[in-house]
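Proteins come first, then strands; the chains are lettered A, B, ... in the order of their sequence lines, and each starts at number 1.
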Protein chains: 2
Amino acid sequence: MEEILPALSTLGGRKRRGEGHTRRDEILAAAKELFLEEGYAATTIRKIADRVGVSAPALYLYFSDKEAIMLALCDQTFGFLIEEMSSIDREGLKPRESLRACGRAYIKFGLEHPREYWLTFMSGNTPKHIKDRGHKPEEIDATKPGATGAIAFAKLVEQLKAAEAAGVKLKYPADTAAELCWMGLHGLVAALINNPEFPWTKRDELIDGMLDMVTEGIMA
Amino acid sequence: MEEILPALSTLGGRKRRGEGHTRRDEILAAAKELFLEEGYAATTIRKIADRVGVSAPALYLYFSDKEAIMLALCDQTFGFLIEEMSSIDREGLKPRESLRACGRAYIKFGLEHPREYWLTFMSGNTPKHIKDRGHKPEEIDATKPGATGAIAFAKLVEQLKAAEAAGVKLKYPADTAAELCWMGLHGLVAALINNPEFPWTKRDELIDGMLDMVTEGIMA
DNA sequence: AACGTTAACTTATCAACGGTCAGTTAACGT
DNA sequence: ACGTTAACTGACCGTTGATAAGTTAACGTT
């Protein structure tokens with residue numbers, strides 16, 4: 001029996017030479033589904049492999065270990081946040097509105113990607129390279145996995161410095177103000193995603209309230 | 001050979017009848033050390049048992065599973081916070097100062113017990129019992145493991161309601177205001193202890209700044 | 001001081017986990 | 001047709017949380 005010509009990238013079968021990266025993507029997609037469905041701990045290497053349709057050791061051809069898979073997913077999702085914040089940057093809003101939009105985007109992202117957010121900002125296993133960095137995006141090595149969180153933070157800092165340059169009076173030095181602002185946003189996101197079943201009052205009011213609190217809190 | 005009378009509570013040996021609770025305490029102490037040293041995931045039932053000096057299954061005489069051990073430790077930690085907040089309550093300060101003192105105590109507690117704070121508030125293993133509770137202390141069943149977290153939060157809510165009753169105008173309903181306030185404080189503590197090597201600006205300024213931000217943010 | 005009860009504890013064992021090893025298969029250049 | 005090697009597999013390792021079944025020793029009762 002002669003096989004028909006396989007598609008360039010088969011889903012179930014063996015990959016053709018040089019197309020391992022498509023398998024890598026399949027693994028990421030399956031892992032993302034499972035992480036979101038069952039959580040990190042409950043998602044096993046074998047379950048991911050089963051869903052992809054390969055053996056468990058095959059995953060180790062593309063990722064060094066389980067955490068590396070999650071890390072890659074984090075960077076992937078954080079990329080969207082950075083994109084969104086950049087696009088807000090480009091809209092040319094007034095400083096106050098731009099900061100507010102950025103903050104809202106940040107919160108929205110955290111609430112829509114709680115696990116990725118938790119892993120990069122609350123896991124306590126934060127890789128060392130996202131710490132001890134400057135506050136400018138270009139000072140951060142974006143190629144290192146896990147660096148995207150720091151980039152997102154740096155974007156916020158730049159927003160504030162731009163606002164200051166545009167004449168907005170800040171109650172604190174820009175760095176301090178940015179840190180306070182981020183802490184407020186982070187506190188909201190962290191609280192909501194770590195206690196999703198707590199009887200919080202209206203979520204939208206909390207978001208607007210926090211945005212008011214941080215903008216009023218740092219701008220004179 | 002006749003044994004000498006054993007001490008009421010032996011450390012290494014078998015417990016006398018009715019003194020199982022001392023073994024329970026030993027397990028909690030050992031587990032706390034290990035959780036703080038190596039984290040939740042890396043702390044195994046066997047390591048805890050080894051440190052206590054008993055076999056692994058012995059732990060299941062006192063705790064239903066691994067998470068139950070952590071649950072008990074959470075309550076222990078929250079207990080200190082509640083005590084401190086209550087003592088501030090009793091000082092009879094003016095509403096604004098009382099709230100500020102509570103907030104400062106909360107931050108101080110978090111920064112002085114970073115690992116315990118992380119364990120109870122950020123570990124991601126937050127047990128279900130501390131969620132889905134009312135906002136009044138008396139509505140919370142303190143005997144349920146994990147309920148102490150809700151009690152600590154309820155204290156804050158009451159603080160705010162007392163302030164409101166004393167004539168202080170709030171920008172939001174007391175519940176919402178309390179949540180925003182706690183989120184700000186938590187954001188500060190979480191950021192500082194989870195990224196201790198980040199080049200934060202002056203810590204004291206951040207603390208005072210956050211206290212200003214939350215008090216001004218929720219009080220008219 | 002012997003007996004029965006049972007709290008306290010152990011040994012043996014389980015299935016499932018993350019991960020490694022030593023191959024095997026198949027796609028491709030030559 | 002052949003050799004190389006990317007892509008992949010089956011068998012296996014040590015460890016994990018947890019359970020089952022049996023053992024030991026403390027104590028009240030007689």
Side-chain angles (χ1 to χ4, degrees), chain A residues 1-28 30-31 34-35 38-72 119 125, chain B residues 1-28 30-31 34-35 38-73 123 125 127:
Chain A
M1 278 296 198
E2 187 67 19
E3 275 281 345
I4 7 171
L5 269 178
L8 247 167
S9 160
T10 47
L11 254 156
R14 187 194 189 92
K15 292 296 176 185
R16 311 189 66 166
R17 282 203 166 193
E19 296 194 19
H21 62 95
T22 66
R23 181 73 78 204
R24 204 188 113 103
D25 291 342
E26 289 172 22
I27 293 169
L28 281 178
L34 283 165
F35 283 147
E38 317 186 4
Y40 179 79
T43 299
T44 69
I45 293 285
R46 285 166 178 80
K47 281 182 190 168
I48 302 173
D50 280 354
R51 187 163 296 201
V52 173
V54 295
S55 69
L59 303 207
Y60 291 92
L61 295 173
Y62 308 103
F63 300 96
S64 62
D65 56 18
K66 186 182 172 186
E67 194 180 333
I69 299 176
M70 188 76 209
L71 217 64
L119 207 105
N125 281 356
Chain B
M1 276 298 198
E2 186 66 22
E3 277 280 346
I4 7 173
L5 269 178
L8 246 165
S9 160
T10 48
L11 255 155
R14 187 194 188 93
K15 293 295 178 186
R16 310 188 65 166
R17 283 203 164 192
E19 297 195 21
H21 62 95
T22 66
R23 180 73 78 205
R24 204 188 114 103
D25 292 342
E26 290 171 21
I27 292 169
L28 280 179
L34 283 165
F35 283 149
E38 316 186 6
Y40 179 79
T43 298
T44 69
I45 294 286
R46 285 166 179 80
K47 281 182 190 168
I48 301 173
D50 280 354
R51 188 163 294 202
V52 173
V54 295
S55 69
L59 302 208
Y60 291 91
L61 294 173
Y62 307 104
F63 301 95
S64 62
D65 56 17
K66 187 182 172 186
E67 193 179 332
I69 299 176
M70 177 152 143
L71 212 73
L73 283 173
S123 73
N125 270 64

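If you take CD1 of B/Ile45 and C1' of C/dC14, they are 16 Å apart, rounded to a whole angstrom. One interatomic measurement links the two molecules: CG of B/Leu59 to P of D/dA18, which rounds to 10 Å at whole-angstrom precision. Spacing between atom CZ of A/Arg23 and atom C1' of D/dT9 amounts to 12 Å, rounded to whole angstrom units. Rounded to whole Å, atom C1' of C/dT25 lies 15 Å from atom CZ of A/Arg16. Between the C1' atom of C/dA22 and the CG atom of A/Leu61 lies a distance of 14 Å, rounded to the nearest Å. At whole-Å resolution of the value, CE in A/Met70 and C1' in C/dG18 are 17 Å apart. Straight-line distance from the OH atom of B/Tyr60 to the C1' atom of C/dC14: 13 Å, rounded to whole Å. Going from atom CD of B/Glu67 over to atom P of D/dT16 covers 19 Å, rounded to whole Å.
Nearest heavy atom pair, residue B/Asp65 against residue B/Tyr60, reads CA-CE2, 4.1 Å. When all heavy atoms of B/Arg24 and B/Phe63 are compared, the pair lying nearest together is NH1-CE2, 3.3 Å. Taking every heavy atom of both residues into account, A/Phe35 and A/Lys66 meet most closely at CE2-CE, 4.4 Å.
Contact annotation: A/Ser55 side-chain N/O to D/dC8 OP1/OP2 distance is not under 4.0 Å. For A/Lys15, no side-chain nitrogen or oxygen approaches OP1 or OP2 of D/dA7 to under 4.0 Å. The phosphate of C/dC9 has OP1 or OP2 within less than 4.0 Å of a side-chain N or O from B/Tyr62.
Side-chain to base pairing of B/Arg14 with C/dA8: one donor and one acceptor N or O lie within less than 3.5 Å of each other.
Between B/Ser64 and A/His21, the one whose closest nucleotide on DNA chain D sits nearer the 5' end is A/His21. When the nearest nucleotides of DNA chain C are assigned to A/Thr43 and B/Arg17 by heavy-atom distance, the more 5′-ward of the two goes with B/Arg17. If B/Arg46 and B/Gly18 are placed on DNA chain D by their nearest nucleotide, the residue sitting closer to the 5' end is B/Arg46.
Taken from CD1 in B/Ile48 to CD1 in B/Ile27, the straight-line distance is 8.5 Å, to the nearest 0.5 Å. In this structure, B/Glu26 CD and B/Arg51 CZ are separated by 13.5 Å, a value rounded to the nearest 0.5 Å.
D/dT30: Watson-Crick or G-U partner is C/dA1, with both key distances under 3.5 Å.
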